[in-house]
Amino acid sequence: MSENLRRYTRALYGFDAVVRRTPGEAWTHPSPCEGWTAADVVAHNVGMNEMIAGFTRGDGAPHAGHVETDDPAGSWASSLEALLAALDRHGALQTVAATPWGELAVEKFLGFVWVDPVIHTWDLAVAVGQAPVLDADLVALGAARLERAGDSLVGPGRFRAAVAVGDEATTLDRFISLSGRTP
């Protein structure tokens, strides 16, 4: 398994753990993502799963968006299973796709998109009242990645500008603030 795929699947399983612990009445709770509920955070991640699975199959999957669902947990579970099966296909990581950042091999795309489910794990946990438990290694790598990217990730459909945090901020707080959220 490649390092990029390993990071991406670790990020997915972290998000999955929060989804599985979310009670049904919590899906309407507001999330740290402006204008999104907990269900919207899941819908975004379902859309990402479907997009990446489509990339691996070469079927011209649409770019990520919200997937309408009455069952966020069920939709998530189905999309995760389909994505993992697609990624497990021989040659899937070498497939070149038209991603939101241009023509890239799936392997390369996973090398930076893994940050997204890590951040959304925090968003979902906060929205539904769970203590955010994120993979410390992914958080540290993600913070470094977001620092390097700077304002290049700021814009509609991406991140808001970084939120200032003090020198005493934890790595997690720094990571979350770099994504435009208030830790």
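Counting from 1, the numbers follow the sequence of the chain as shown.
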Work out which heavy atom in [X] is nearest to a heavy atom in [Y]; give both atom names and the distance.
X: Ala169; Y: Asp173; result: CB-CB, 4.1 Å
X: Ser2; Y: Leu93; result: OG-CD1, 3.9 Å
X: Ala38; Y: Ser31; result: N-CB, 4.4 Å
X: Pro117; Y: Tyr8; result: CG-CE1, 4.0 Å
X: Ala92; Y: Leu87; result: CB-O, 3.8 Å
X: Ser177; Y: Val165; result: CB-CG1, 3.6 Å

May I ask you to check whether Trp101 and Phe112 place their ring centers less than 6.0 Å from one another?
yes
Hey, does [Y] have a side-chain heavy atom less than 4.5 Å from the side chain of [X]?
X: Phe175; Y: Pro183; result: no
X: Asn49; Y: Leu80; result: yes
X: Val126; Y: Pro132; result: yes
X: Val18; Y: Trp122; result: no
X: Met48; Y: Leu83; result: no
X: Val96; Y: Val106; result: no
X: Thr170; Y: Val139; result: no
X: Asp137; Y: Arg10; result: yes

Give a yes or no on whether Glu3 atom CD has more than 12 heavy-atom contacts from other residues, nucleotides or ligands under 6.0 Å away.
yes
Could you check whether any side-chain N or O of [X] sits under 3.5 Å from a backbone N or O of [Y], counting only pairs where one atom can act as donor and the other as acceptor?
X: Trp114; Y: Gly111; result: yes
X: Asp40; Y: Thr37; result: yes
X: His29; Y: Ala127; result: yes
X: Arg6; Y: Asn4; result: no

[X] and [Y]: side-chain donor and acceptor closer than 3.5 Å?
X: His120; Y: Asp116; value: yes
X: Ser79; Y: Glu50; value: no
X: Asp16; Y: Trp76; value: yes

Linking I/L/V/M/F/W/Y whenever any side-chain heavy atoms sit under 4.5 Å apart, do Leu124 and Val133 land together?
no
Report yes or no: do Tyr13 and Val19 belong to one cluster of Ile/Leu/Val/Met/Phe/Trp/Tyr joined by side chain heavy-atom distances under 4.5 Å?
yes
Between atom CE of Met51 and atom NE2 of His44, what is the distance when rounded to the nearest 0.5 Å?
8.0 Å
From CG (Leu172) to CG (Leu138), nearest 0.5 Å
12.0 Å
Evaluation steps, side chain to side chain contact (heavy atoms under 4.5 Å, CB included), between Leu134 and Val118:
CA-CA 7 Å; Leu134 280 71; Val118 177; 3.6 Å; yes
Sequence neighbours left out, what passes side chain to side chain donor-acceptor pair (under 3.5 Å) with Gln130? Give chain and number order.
Arg21, Thr22
Go through it in stages, so that I can follow the logic: the residues are Ile52 and Val113, the test is side chain to side chain contact (heavy atoms under 4.5 Å, CB included), and I'd like the CA-CA distance, side-chain angles, deciding distance and then a yes or no.
CA-CA 10 Å; Ile52 295 168; Val113 78; 4.2 Å; yes
